[in-house]
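What follows is one structure encoded as structure tokens, with my remarks underneath.
By convention in this document, chain letters (A, B, ...) are assigned in the order of the sequence lines, proteins followed by strands, and residues within each chain are numbered from 1. Source: prediction; values computed, not measured.
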2 protein chains.
Amino acid sequence: MTAPRRRADAAENRERIIEAARAVVAGADEVRLNEIAKRAGVGQGTLYRHFPTREHLLAEVYRQDVDELVTAAPKLLAEHDPLTALTRWLARVADYAQVKRGVLAAVEAGVRRDLSAHSQGPIGDALATLLDAGKADGTVRQDVDARDVILLLGYLTRLEDGEWDGRARHLLTVILEGVRSRG
Amino acid sequence: MTAPRRRADAAENRERIIEAARAVVAGADEVRLNEIAKRAGVGQGTLYRHFPTREHLLAEVYRQDVDELVTAAPKLLAEHDPLTALTRWLARVADYAQVKRGVLAAVEAGVRRDLSAHSQGPIGDALATLLDAGKADGTVRQDVDARDVILLLGYLTRLEDGEWDGRARHLLTVILEGVRSRG
DNA sequence: ACCTGAACACCGTTCAAGT
DNA sequence: ACCTGAACACCGTTCAAGT
């Protein structure tokens with residue numbers, strides 16, 4: 001009936017795995033799970049014990065970034081009109097996607113998982129908040145939902161390296177124009 | 001100095017590979033190259049001799065479909081105003097993407113290859129023709145190009161099975177609204 | 001309970017040997 | 001010239017053995 005002393009190093013392993021994953025993700029975009037395990041100094045099985053799928057691991061790596069995006073939505077709404085808030089939020093998503101190349105893929109994977117659980121997930125909810133405000137406002141089309149916008153944002157994962165400056169922001173304005181109510 | 005008699009069965013192998021690939025692509029969406037070779041009754045090396053990359057093979061499988069899309073563009077332009085022509089062409093792309101699940105992935109892979117060869121490729125050219133007509137017409141934004149639209153169309157590859165009816169066409173109208181000149 | 005890492009499974013790719 | 005298919009490389013995943 002001793003306290004679960006072993007839990008300590010299990011938690012430490014978990015931390016080390018996330019740390020190693022972060023390093024690998026930040027470096028070359030080849031994310032090999034066995035390499036992460038090796039870097040973390042744990043067996044492959046340990047990695048799988050903590051993170052049953054690749055997506056679970058990536059979700060954890062980008063958890064902080066996703067949280068920031070989620071909490072930013074209501075803040076932006078408090079300070080700006082809905083369309084401006086949406087515009088800035090999307091710009092922030094694009095910035096994350098550019099600087100942390102894997103974040104959008106992780107977000108999309110998470111959204112996918114949430115969808116199959118019949119939930120929008122935190123990112124979907126944040127986006128829905130922005131869109132709903134715009135709908136109430138009359139500035140956003142009534143027939144557009146969070147999933148629509150997430151699907152369109154997927155272009156960010158397919159941009160070639162040299163295209164960011166020319167297209168990332170630009171396509172955001174095209175999407176916003178499409179989402180807007182007709183003037 | 002005899003005629004290259006061997007060429008005959010080489011060409012036949014090539015056909016059989018394409019045929020087998022078509023069958024596999026139409027069936028389960030797991031496209032395993034070794035399985036295609038096996039189905040075609042050829043060695044794996046033979047497959048690689050004819051198609052150096054997976055993309056080359058897929059491009060060949062969908063060549064006919066791509067050709068149809070390419071030739072449809074000028075026809076639609078001859079019969080309709082530019083915006084209507086663009087709308088119908090995009091609808092056709094979406095239909096292909098739904099019925100032949102792999103076609104858009106193949107198209108995107110082809111476009112990617114063409115891009116690195118500093119060319120737009122046939123699909124890009126067809127789309128550019130439609131967009132240019134709209135720009136001349138004043139119905140399409142001057143700052144949108146074929147690559148922009150192809151990037152946005154990528155959502156078609158990420159739709160879940162049940163989402164086609166609800167979102168495929170709908171998102172097309174959102175994109176068109178974004179591409180349009182402001183009224 | 002948790003960890004390890006050898007071993008398995010899988011699939012793309014190559015290449016020595018054949019015709 | 002072209003073809004074959006065993007073999008290699010690679011990476012995700014499992015599981016028997018250890019602590």
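- Taking the charged nitrogens against the carboxylate oxygens, B:R167 and A:D145 do have a contact shorter than 4.0 Å, which makes a salt bridge.
- At whole-Å resolution of the value, CD1 in B:I17 and P in D:dC3 are 8 Å apart.
- Taking 4.0 angstrom as the limit, A:H50 places a side-chain polar atom (N or O) nearer than this to OP1 or OP2 of C:dC3.
- For B:Q44, the side-chain atoms get nearest to D:dA7 when compared with the rest of D:dC10, D:dT14, D:dA7.
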Pairing of DNA chain C as dot-bracket, 5' to 3': ( ) intra-strand, [ ] crossing, | other strand, . unpaired, with Watson-Crick or G-U pairs under 3.5 Å? ||.|||||...|||||.||
A:E79 vs A:K75, test: salt bridge (charged side-chain N to carboxylate O under 4.0 Å, His left out). Steps then yes/no. CA-CA 7 Å; A:E79 296 169 17; A:K75 282 187 202 166; over 6 Å; no
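- Closest to the side chain of A:L33, out of D:dC3, C:dT13, D:dG12, is D:dG12.
- The closest donor-acceptor contact from the side chain of B:W89 to the backbone of B:L69 lies under 3.5 Å.
- Salt bridge B:E35/B:R39: present, at least one basic N to carboxylate O contact under 4.0 Å.
- Straight-line distance from the CZ atom of B:R49 to the C1' atom of C:dC15: 12 Å, rounded to whole Å.
- Ranking C:dG12, C:dC2, D:dT13 by closeness to the B:Y48 side chain, first place goes to C:dG12.
- Atom-to-atom, CD of B:E35 to P of D:dG5 comes out at 17 Å; the value is rounded to the nearest Å.
- One interatomic measurement links the two molecules: CG of A:N34 to C1' of D:dT14, which rounds to 12 Å at whole-angstrom precision.
- A salt bridge links A:E177 and B:R182; the closest N-O separation between the charged side-chain nitrogens and carboxylate oxygens is under 4.0 Å.
- Atom P of nucleotide C:dC11 and atom CZ of B:R32 are separated by 4 Å, given to the nearest angstrom.
- Put simply, NZ on B:K38 is 13 Å from C1' on D:dA6, counting in whole angstrom units.
- Among the nucleotides D:dA6, C:dA6, D:dT4, the one closest to the side chain of B:T46 is D:dT4.
- Ion pair A:R112/A:E108 not flagged as a salt bridge, since none of the NZ, NE, NH1 or NH2 atoms sits closer than 4.0 Å to an Asp/Glu carboxylate oxygen.
- To the nearest angstrom, P of C:dT13 lies 11 Å from CG of B:L57.
- In this model, the phosphate group of C:dG12 is approached by a side-chain N or O of B:R54 to a distance below 4.0 Å at OP1 or OP2.
- Interatomic distance, B:T129 OG1 to B:Q120 CD, rounded to the nearest 0.5 Å: 9.0 Å.
- Applying the 4.0 Å criterion to OP1 and OP2 of D:dC3, one finds that B:N13 has a side-chain N or O inside that range.
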